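Working notes, structure below.
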Amino acid sequence: MFPWLMKRVAGRQTRYVNALEKRTGSLWEGRYKSSPISTDEYLLACCRYVELNPIRAGIVSDPSEYKWSSYCDRIGLHREDWLDEDPCYAGLAKSRKKREELYAAWVKDSIPEGEWELIRKSPQRGQLTGSNRFIDEIETKINHRIEFRGQGRPRKSKK
């Protein structure tokens, strides 16, 4: 999604709600942030991150209890006709029943170290969510360096 488009949508929505509710100020804290995701490596990881957000927030104790999530559809508790089945999810297994079982187990399985930190920090920094190989591929395609570098100037190497 284009950040400028989301800024305009957010601005119009804010003006509409403020006029409707006779209030002032912003509706959302901060600006819209996004991060292109390496589909093969991180799309399902990002889905897991989102599915588990209500648990981390203390709203529910199981992801199936949160009615605004796609989790119940993905594990077969109920079907939503409007919800697309992405290729990464479809690639979990050939049968729908097996996909549902694998996804439910995978969401509740242990999360690899560093996965959530990458998913959290990438949009904050405007970075890509993916492996170094993914970042290298994108840099080559756009002919621009985009890897994350720490704050400040690089230290001079000692010769």
Side-chain angles (χ1 to χ4, degrees), residues 1-10 12-14 16-17 26-150:
M1 187 64 63
F2 301 103
W4 57 265
L5 175 63
M6 293 308 295
K7 180 180 179 181
R8 292 193 69 183
V9 169
R12 286 183 179 205
Q13 181 68 15
T14 299
Y16 173 77
V17 170
S26 64
L27 297 179
W28 301 285
E29 186 176 315
R31 65 177 188 82
Y32 172 77
K33 296 175 178 89
S34 66
S35 172
I37 299 170
S38 173
T39 306
D40 297 338
E41 298 164 304
Y42 282 95
L43 181 61
L44 285 178
C46 290
C47 290
R48 170 171 47 196
Y49 180 85
V50 170
E51 308 280 26
L52 295 176
N53 268 341
I55 294 173
R56 285 192 303 279
I59 299 170
V60 296
S61 59
D62 187 84
S64 63
E65 297 169 5
Y66 192 65
K67 71 177 187 173
W68 303 109
S69 169
S70 62
Y71 182 75
C72 288
D73 181 82
R74 291 181 191 252
I75 65 166
L77 291 180
H78 62 77
R79 297 273 182 263
E80 297 292 346
D81 294 335
W82 55 268
L83 190 61
D84 291 338
E85 190 173 275
D86 65 80
C88 291
Y89 173 76
L92 290 175
K94 290 188 185 232
S95 78
R96 179 143 181 109
K97 184 73 176 155
K98 186 66 176 170
R99 272 193 303 274
E100 293 166 352
E101 291 169 7
L102 288 172
Y103 187 76
W106 184 78
V107 166
K108 294 180 180 181
D109 199 6
S110 63
I111 289 107
E113 188 175 330
E115 181 178 281
W116 281 12
E117 183 178 356
L118 175 67
I119 292 170
R120 273 191 205 112
K121 288 187 176 180
S122 292
Q124 298 298 324
R125 298 183 201 142
Q127 298 293 310
L128 302 173
T129 304
S131 66
N132 289 335
R133 181 174 166 232
F134 173 67
I135 293 169
D136 290 343
E137 287 175 16
I138 300 300
E139 286 177 341
T140 301
K141 284 181 182 178
I142 66 171
N143 196 25
H144 183 73
R145 186 174 178 175
I146 53 176
E147 72 178 329
F148 174 69
R149 291 179 262 170

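All heavy atoms count here, side chains included; hydrogens, waters and symmetry mates do not. No experiment lies behind these values; they were computed from the predicted model shown. Nothing fancy with the numbering, it's 1 onward along the sequence.
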Tell me if the [atom1] atom of [X] is crowded by more than 12 foreign heavy atoms within 6.0 Å.
X	atom1	answer
R79	CZ	yes
R12	CZ	no
E80	CD	yes
R96	CZ	yes
D62	CG	yes

Taking every non-hydrogen atom, the tightest pair across [X] and [Y]:
X	Y	result
S35	T129	OG-OG1, 2.6 Å
P63	L52	CG-CD2, 4.2 Å
L77	S64	CD1-CB, 3.7 Å
V50	P54	O-CD, 3.5 Å
R74	C47	NH2-SG, 4.0 Å
I37	C46	CD1-SG, 3.7 Å

Atom pair [atom1] ([X]) and [atom2] ([Y]), whose distance is rounded to the nearest 0.5 Å:
X	Y	atom1	atom2	answer
D81	D84	CG	CG	11.5 Å
W106	I75	CH2	CD1	14.0 Å
C72	K67	SG	NZ	12.0 Å

Determine, stepwise, if the pair Y49 / E115 fulfils side-chain contact (heavy atoms from CB on, under 4.5 Å). CA-CA 9 Å; Y49 180 85; E115 181 178 281; over 6 Å; no
Starting from the C-alpha separation in whole Å, work towards a yes-or-no answer on side-chain contact (heavy atoms from CB on, under 4.5 Å) for L92 and L44. CA-CA 10 Å; L92 290 175; L44 285 178; 3.8 Å; yes
Y71 and E65 side chains, donor-acceptor separation under 3.5 Å: no
Side chains of S38 and E137: do they bring a donor and an acceptor to under 3.5 Å?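 E137 and S38 do not have a side-chain donor-acceptor pair below 3.5 Å.
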Test your reading of the model: is there a side-chain donor-acceptor pair from R99 to the backbone of A93, 3.5 Å cut-off?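 Looks like yes, one N/O pair under 3.5 Å.
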Any donor-acceptor pair under 3.5 Å linking the side chain of S95 with the backbone of K98?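 Yes; judged by distance alone, with no hydrogens or angles, the pair exists.
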State, yes or no, whether a side-chain contact exists between S61 and I55 at a heavy-atom distance under 4.5 Å.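 No, every pair of side-chain atoms sits at 4.5 Å or beyond.
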When you compare the side chain of P36 with that of I138, does any pair of heavy atoms fall below 4.5 Å?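 When only atoms from C-beta onward are counted, P36 and I138 do not touch, as no gap falls below 4.5 Å.
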Quick one, L118 with Y42, criterion side-chain contact (heavy atoms from CB on, under 4.5 Å). Give me CA distance, side-chain angles, the key distance, then yes/no. CA-CA 10 Å; L118 175 67; Y42 282 95; 3.4 Å; yes
Residues K141, D136: salt bridge by 4.0 Å N-O rule: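 No, this pair does not count.
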Dump the intermediate steps for side-chain contact (heavy atoms from CB on, under 4.5 Å) on S122 and L128, then the final yes or no. CA-CA 6 Å; S122 292; L128 302 173; over 6 Å; no
May I ask you to check if R48 and W116 form a cation-pi contact, with NZ or CZ under 6.0 angstrom from the six-membered ring centre and within 45° of the axis? no
